[in-house]
Protein chains: 2
Amino acid sequence: MNTSKKILIADDEQDILEILQFNLEAEGYLVATAKNGEVAIEIAKSFAPDLIILDIMMPGKNGMDVCKQLRSIDTFKNTLIIFLTAIKDESNEIKGLETGADDYLTKPIRPKVLISKINSLFRRMLPEKNPATQFGNLFIDREKYSVRLNNTDVVLARKEFELLSLLASKPGKVFLRNEILQKIWGTEVIVGDRTIDVHIRKIRQKLNLDCITTVKGVGYKFEG
Amino acid sequence: MNTSKKILIADDEQDILEILQFNLEAEGYLVATAKNGEVAIEIAKSFAPDLIILDIMMPGKNGMDVCKQLRSIDTFKNTLIIFLTAIKDESNEIKGLETGADDYLTKPIRPKVLISKINSLFRRMLPEKNPATQFGNLFIDREKYSVRLNNTDVVLARKEFELLSLLASKPGKVFLRNEILQKIWGTEVIVGDRTIDVHIRKIRQKLNLDCITTVKGVGYKFEG
DNA sequence: TTTTCACTTAACAATTTGATAATATTAATA
DNA sequence: TATTAATATTATCAAATTGTTAAGTGAAAA
């Protein structure tokens, strides 16, 4: 699930490249570097980064040119792009954002700010990806509210879906009955214990798959 | 569909509020203001802004507290939040982003930078809707406001079109009733639940095509 | 003004869902 | 093995949810 994010850095200053690479890798990111704009575009195509950090001032093709060119390629229409600039020049900042960059950073670089900013950008991007999970040939798609087993849709009622979805959110983890009640029924509503059983039963019946295990005296768990 | 974006600004300095309000309104945004954190939260609940600009330094509840509190409310889980700070303090910047803000701006405020940044944030948030989409032999053209099925024009009323268009913008995704009300009717207007059903009914009737599925207790989804 | 149209609502029908009770079954333990 | 506590199963019914039709409303067009 958690493959690390890929970041491409383009800067003509070797120092900057190293500082950024070091800090980003320490954070768990996969980093590629390019020492000018032309190389950056080439690497971007094969490396397919999730984020590109572009120095604005580079010999040859500068950061904004690179950005424009990247944005014209479908693959990079939605890639995050951050500009790096020493110039505290307002007009440049503006141009940057209007060229299609997502943010900019000013030199000197403060690693902690950089990391925070990047984490923050990624966090914001997260909800875009499919909140779907797969176990063997069982697909659970929370957005579509759908469950597919062996390429066949299985229709689950809301509570059933929520229950399965909850259990499958942490395969292997045993959810206590209280926990389940709390998370699916909330604190307001009070229902008997048998209610959970009945829903579990229906899920098992509909899926006809042995993926929910009873842990007697404790709760239930999903096993992929 | 949704008209202009709504922005809420919270700052204790009247000057700042006015400058921001003036510039943002000139850009076509709808602006609400709050002169402290508590008021901001109250207004946010009724105004339902797309973006919230929070001054960090405010008497009483400061910007970060407000941010945390807002983020704990479902409605604001994904609302854009920008911090405003006079302090060029690195640790503050970091805290800001890690509290769940999406960006920060330092005072003094440079209106053009601000506008650029905001436009940029919104641009990124756009669900990137294609002007026209096709599913089988059903064409939906958002620009022309027209629907063609089997090479015959189907005339849909505005609300019907918007509803179909919304559902079709993410085939498969289940749109909650609240979500639909929010996006098509906005937060101002309050209409009954049957209203949605009736529109759905008319679409189904006019298209005479089984492309909208009901997910009981949840919402509706379009399936291409 | 009258007509038309989009939109909303009310009222009721149809359907689905979820909770419970009652009973059966299972697993742990004395 | 007998006992017991916990869970599984089943059928049933009330409540929740949606579908449908017809009628009301207000604004724009004729």
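Numbered from 1 within each chain, the chains take letters A, B, ... in sequence-line order. This is a predicted model, so every value here is computed, not measured. Worth knowing before you read on, the calculation uses all heavy atoms, side chains too, and leaves out hydrogens, waters and symmetry mates.
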Measure from [atom1] on [X] to [atom2] on [N] and round the result to the nearest Å.
X      : N      : atom1 : atom2 : result
A:N208 : D:dA8  : CG    : C1'   : 16 Å
A:D197 : C:dT23 : CG    : P     : 17 Å
B:I180 : D:dT18 : CD1   : C1'   : 13 Å
B:R201 : D:dT17 : CZ    : C1'   : 17 Å
A:F161 : C:dT16 : CZ    : C1'   : 18 Å
B:I200 : D:dT17 : CD1   : C1'   : 14 Å
A:R177 : D:dA8  : CZ    : C1'   : 10 Å

key: Dot-bracket encoding of pairs in DNA chain C, which uses [ ] for pseudoknotted crossings and | for another strand, Watson-Crick or G-U under 3.5 angstrom   = ||||||||||||||||||||||||||||||
Just to verify, what does [X] make a side-chain hydrogen bond (donor to acceptor under 3.5 Å, both in side chains) with, not counting sequence neighbours?
X      : result
A:K206 : A:E160
A:E25  : A:Q21
B:R194 : B:D197
B:K68  : none

Please write out each protein N/O paired with an N/O of nucleotides 28-30 of chain C under 3.5 Å, distance rounded to 0.1 Å.
none

inquiry  = List the residues meeting ring-ring contact (aromatic ring centres under 6.0 Å, His included) with A:Y29, not counting sequence neighbours, and say none if there are none.
reply    = A:F122
query = Stepwise, does the salt bridge (charged side-chain N to carboxylate O under 4.0 Å, His left out) test hold for B:D102 with B:R71?
reply = CA-CA 12 Å; B:D102 299 293; B:R71 286 291 191 225; 3.1 Å; yes
Pairing residues for [X] by the side-chain contact (heavy atoms from CB on, under 4.5 Å) criterion, not counting sequence neighbours:
X      : value
B:R204 : B:I200, B:I212, B:T214, B:Y220
B:E42  : B:K45
B:L209 : B:L138, B:L149, B:L207, B:C211
B:D141 : B:A132, B:E143, B:K144, B:S146

ask   = Think A:Y220 has a side-chain N or O under 4.0 angstrom from the OP1 or OP2 of D:dA8?
value = yes
query = Quick one: is D:dA6 close enough that its OP1 or OP2 comes under 4.0 Å of any side-chain N or O from A:T214?
reply = no
note = Sorted by position of nearest nucleotide on DNA chain D, 5' first, the leading residue of A:Q205 and A:G219 is A:G219
request  = Give a yes or no on whether a salt bridge exists between A:D153 and A:R148, defined as a side-chain N under 4.0 angstrom from a carboxylate O.
outcome  = yes
Write out a two-atom table: protein N or O, nucleotide N or O from nucleotides 4-9 of chain C, distance below 3.5 Å.
unit_1, atom_1, unit_2, atom_2, d
C:dC7, OP1, B:K159, N, 3.0
C:dC7, OP2, B:K159, N, 3.4
C:dT8, OP1, B:W185, NE1, 2.6
C:dT8, OP2, B:W185, NE1, 3.3
C:dT8, OP2, B:H199, NE2, 2.9
C:dT9, OP2, B:G192, N, 2.9
C:dT9, OP2, B:T195, OG1, 3.0

